[in-house]
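The shown structure was predicted, so the numbers you read here are calculated from the model rather than taken from an experiment.
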Amino acid sequence: MPEKDMALTSTHWGTYRVEVSDGRVVALHPFEHDPDPSPIGHGIAATIDDDKRIRSPMVRRGWRNGTSKSTDGERGRDTFEAVSWDEAESLVADELNRVRRTFGNSAIYGGSYGWASAGRFHHAQSQIHRFLNCIGGYTRSVNTYSYAAAEVAIPHVLGDFKTFVNSTTSWSSVSGNTELFVAFGGVPVKNGQIDNGGVGEHGQRAGILEAARNGTSFVNVSPTRASMPAEVNAEWLDIRPCTDTALLLALAYVLLDEGLADRKFLERFTVGIEKVEQYLQGRIDGVAKTPDWAAGICQIASEDIRSLARKMAAKRCKISVSWSLTRQQYGEQPFWAGITVAAMLGQIGLPGGGIGFGYSATNGIGAQYQRLPYASLPQGENPVSGFIPVARIADMLLSPGSTFTYDGETHTYPDIRLVYWAGGNPFHHHQDLNRLDRAWQVPETIITHDWCWTSTARFSDIVLPCTTHLERADLALSPRDAYVVSMQQAIQPTGNARDDYSIFSAIARKMGLELEFTEGKTAEEWVTWIYDSSRQRFARAGLELPTLDDLKSAGWHKIDMPDEPTVMLEVFRKSPETAPLKTPSGRIELFSEKVAAFGYRDCPGHAAWLPPDEWLGSPDKELYPLHLICVQPQTKLHSQLDHGPVSQAAKIDGCEPVHICPADAAARGISDRQRVKLFNERGTCRAAAVLDDDIRPGVVQINTGAWYDPDENGTCKNGNPNVLTPDIGTSSLAQGPSAHSCLVEIAPA
């Protein structure tokens, strides 16, 4: 079939031509302008109408038959029955009205994680937030599972965080300028397959390989060699998991102790170096942060630490800190420590120097950056002021009325009676899923929009079937990607599925609020409004977009990105007086008086080493001696399309692979590809062993994203490792997720 006759669509993992035959999707073909297309997209062709597709509104029998809206403890285990759309809309409208009138809108928790569609209009997070704001508001969440600790901590250090994530120094600046690239957590290019808002052209692999060809040397500081592409021939420092902060502090100690720190840079561009120096020298806690001290923690030779510090000072050096480093207990510290070392090197704001946040965490990190001013669906104002950190949902449900700290303030968990979820799968993202299961039984009603029977759908009371991106028209307008894509509807909706906008419009009609939600516009009219508003914004910025008719005719449009490489903090370095940071001092705050004043034991006012709880006399270390690392899979985005052929092909006899070094496997009588179980006091999950020389002893690694499916003992039959990970906040400051602070044991199944 000629390309022009194929529907064009865009996803978070790439742009594709959709081949359709007799009204069915038969294949997805990579976009012809993508040099490194992702295979993930092929997983939807076989699943869009399989037996896991939700074809009509469904209501859980136990909830429907209950005499009152109180939980029966059967969510996730009960059966469902189909109902008409009219009945489903009435059930949802009546339940929303009951809860908001009886308990107030703060008793509604609106959940969404935004990854459901790359489309600008059919963006589930925008849709649900707009709807809930129209009916009087809801309790919301703040921050992300990706890097919550940094989202809260780094604004105290640099004045902002997401601005600097988006403007991380481009690979084009690294290539030809960076002599030494030190990657804490590696540069996992498999993660760079994806980006929120759509991907037209994958560039992470090309970026790092070009830098290597132009002479950049790489150091991979990670428990696994595979965290860095083999082609760059990186030096591997197989660090003990969750000890990067100790290593960075020891590097800082050497720079100061040996006179290698750039004192002029520190004096002009930073504040707080005196306090940091006192801490490093042990004048605050009696422990000097020497390489010998760090060697015992990180299990890296002290001389290797000294050698690395000297090489970093002698060369144009780029420090990269992986987003994964924030997802541990005290996850605020690695990024703060990385900034501290980068400031001591004095290369922040120089081409190829300084620090970068999350190279290859997504496709857009390290791209030639230009802020593209796209419009989006207005969400309105939320009259409810209450919120929770996104990773504290189980705490909220289990302990209403209790308090939590967050960024210097104390808040109270609301009493949630109804959870409304659209876009995302908390039974993937969250930790200690058996605990979340218990918490999920507490609300009176849970409503979910989904297109297939994910874990979250199965753990709901009312499930409303929504369309996929192949069953509706939309626009891919990503501020970090050069391609604008007219997403064409390839097939008719499966069964009785409807798009989120149609679902919310009908419920709003039942509640007498349709006009407030729709503003009298159809979905097509909203798409036109978003695009026309974007064109106007582009014109004001001196940029151009084609007309919507021309875009639809061509299918896609490429925006010219800047010729000059992106250099993070370049403007600040050139003139800190006229372009100060948004910190209280206007400079990089290596020591923050504001954070110190919060008085948090678990997050002082400077980068610090805080031993994880499981190291402090806990029996976990003896009972569960292996450190579990959970990584983003190569075959899916989070848990999406786990049931598809691309994801299933990477499993071993239906089990998720768990990588273990041969010596650890032999000590436990485990052979290659053998079925095993991973377990600790929180739960058990099944997997299949892969013996791997490229993973350090004492560490096991498994993909996230398997659909949570517990048996009666809490064992996840599909191998979701989040039954094992601890549900604790990173610290009193950010309350982010701490998934990587996890000890387990492994045994033959």
- Task: Check the side chains of Asn382 and Arg140 for a donor-acceptor pair under 3.5 angstrom, ignoring hydrogens and angles.
- Result: no
- Item | Heavy-atom donor-acceptor pair, Thr169 side chain to Met568 backbone, under 3.5 Å | yes
- Message: Going by side-chain hydrogen bond (donor to acceptor under 3.5 Å, both in side chains), name the residues that satisfy it together with Asn133, two or more places apart in sequence or in a different chain.
- Response: none
- Query: Relative to each other, are the rings of Trp526 and Phe121 parallel, tilted or perpendicular (30° and 60° limits)?
  - Reply: parallel
- Output all residues satisfying side-chain contact (heavy atoms from CB on, under 4.5 Å) with Asn220, sequence neighbours left out; order by chain, then residue number. Ser222, Ser227, Met228, Ala234, Trp236
- Query: Without hydrogens or angle criteria, can the side chains of His12 and Gln640 be said to hold a donor-acceptor pair below 3.5 Å?
  - Reply: no
- Task: Check step by step if side chain to side chain donor-acceptor pair (under 3.5 Å) holds for Gln204 and Trp171.
- Result: CA-CA 8 Å; Gln204 288 294 329; Trp171 283 114; 3.0 Å; yes
- Partner of Phe357 by ring pair (Phe, Tyr, Trp, His ring centres under 6.0 Å), out of Phe184, Phe161, Tyr147: Phe161
Taking distance alone, no hydrogens or angles, what donor-acceptor pairs closer than 3.5 Å link side-chain atoms of residues 550-557 to residues at least two apart or in another chain?
from	atom 1	to	atom 2	distance (Å)
Asp550	OD2	Thr547	OG1	3.2

Could you give the side-chain donor-acceptor pairs of residues 342-353 under 3.5 Å, partners two or more places apart or in another chain?
from	atom 1	to	atom 2	distance (Å)
Gln347	OE1	Cys317	N	2.6
Gln347	NE2	Lys315	O	2.8

- Between Thr270 and Glu589, do the side chains contain an N or O donor and an N or O acceptor separated by less than 3.5 Å? no
- If you measure only the distance, is there a donor-acceptor pair under 3.5 Å linking the side chains of His202 and Asn363? no
- Task: Begin with the C-alpha distance, continue with both residues' side-chain angles, and end with the deciding distance and a verdict on side chain to side chain donor-acceptor pair (under 3.5 Å) for His29 and Glu19.
- Result: CA-CA 7 Å; His29 302 277; Glu19 183 178 349; 2.6 Å; yes
- Modelled atom types, side-chain donor and acceptor of Ser172 and Gln368, under 3.5 Å: yes
- Without swapping roles, check the side chain of Arg587 against the backbone of Pro580 for a donor-acceptor pair under 3.5 Å. no
- Query: Are Arg268 and Glu577 ion-paired here, with the side-chain N under 4.0 Å from a carboxylate O?
  - Reply: yes
- Residues pairing under side-chain hydrogen bond (donor to acceptor under 3.5 Å, both in side chains) where one sits in residues 528-537, two or more places apart or in two chains, turn out to be none
- Task: Please assess Lys636 against Asp642 for the test salt bridge (Lys or Arg N to Asp or Glu O under 4.0 Å), listing each intermediate value before the final yes or no.
- Result: CA-CA 7 Å; Lys636 53 184 177 279; Asp642 182 51; 3.1 Å; yes
- How about Asp474 and His123: does a side-chain donor come under 3.5 Å of a side-chain acceptor? no
- Task: Examine the side chains of Thr467 and Arg472 and answer whether a donor and an acceptor come within less than 3.5 Å of each other.
- Result: yes
- Side-chain donor-acceptor pair under 3.5 Å between Ser167 and Thr566, yes or no? no
- Task: State plainly whether the residues Glu519 and Arg130 are in salt-bridge range, i.e. N to O under 4.0 Å.
- Result: yes
- Message: Test your reading of the model: is there a side-chain donor-acceptor pair from Thr340 to the backbone of Trp336, 3.5 Å cut-off?
- Response: yes
- Query: Strictly by modelled atom types, are Ser478 and Asp481 linked by a side-chain donor-acceptor pair under 3.5 Å?
  - Reply: no
- Would you tell me whether Gln125 and Trp115 have side-chain atoms, one donor and one acceptor, within less than 3.5 Å of each other? no
- Assess whether salt bridge (Lys or Arg N to Asp or Glu O under 4.0 Å) is satisfied between Lys311 and Glu235, documenting all intermediate values. CA-CA 13 Å; Lys311 286 190 291 186; Glu235 177 187 355; 3.3 Å; yes
- Task: To the nearest 0.5 angstrom, please state how far the CZ atom of Arg480 sits from the CZ atom of Arg371.
- Result: 9.5 Å
- Query: How about His428 and Tyr113: are their ring centres within less than 6.0 Å of each other?
  - Reply: no
- Please check if the side chain of Thr15 supplies one atom and the backbone of Phe31 the other of a donor-acceptor pair under 3.5 Å. no
- Query: Side-chain donor-acceptor pair under 3.5 Å between Asn214 and Ser175, yes or no?
  - Reply: yes
- Task: In sequence, state the C-alpha distance, the side-chain angles, and the governing distance for Thr9 and Gln488, and then conclude on side chain to side chain donor-acceptor pair (under 3.5 Å).
- Result: CA-CA 6 Å; Thr9 195; Gln488 301 157 343; over 6 Å; no
- Query: Does a side-chain N-to-carboxylate-O contact under 4.0 Å join Lys318 and Glu179?
  - Reply: no
- Task: Using the ring-ring contact (aromatic ring centres under 6.0 Å, His included) rule, take His429 and His638 through it: C-alpha gap first, then chi angles, then the decisive distance, then the call.
- Result: CA-CA 8 Å; His429 276 103; His638 298 315; 4.5 Å; yes
- Which value, rounded to the nearest 0.5 Å, describes the distance between Leu158 atom CG and Thr163 atom OG1? 10.5 Å
- No-hydrogen, no-angle side-chain donor-acceptor test under 3.5 Å, Thr144 and Glu151: yes
- Message: Strictly below 4.0 Å, N to O, side chains only: are Arg573 and Glu570 in salt-bridge contact?
- Response: no
- Note on the structure: Exactly one candidate in Asn196, Asp195, Asn191, Val165 meets side-chain contact (heavy atoms from CB on, under 4.5 Å) with Thr362; the answer is Asp195
- Not counting sequence neighbours, which residues clear side-chain contact (heavy atoms from CB on, under 4.5 Å) with Ser376? List them please. Arg120
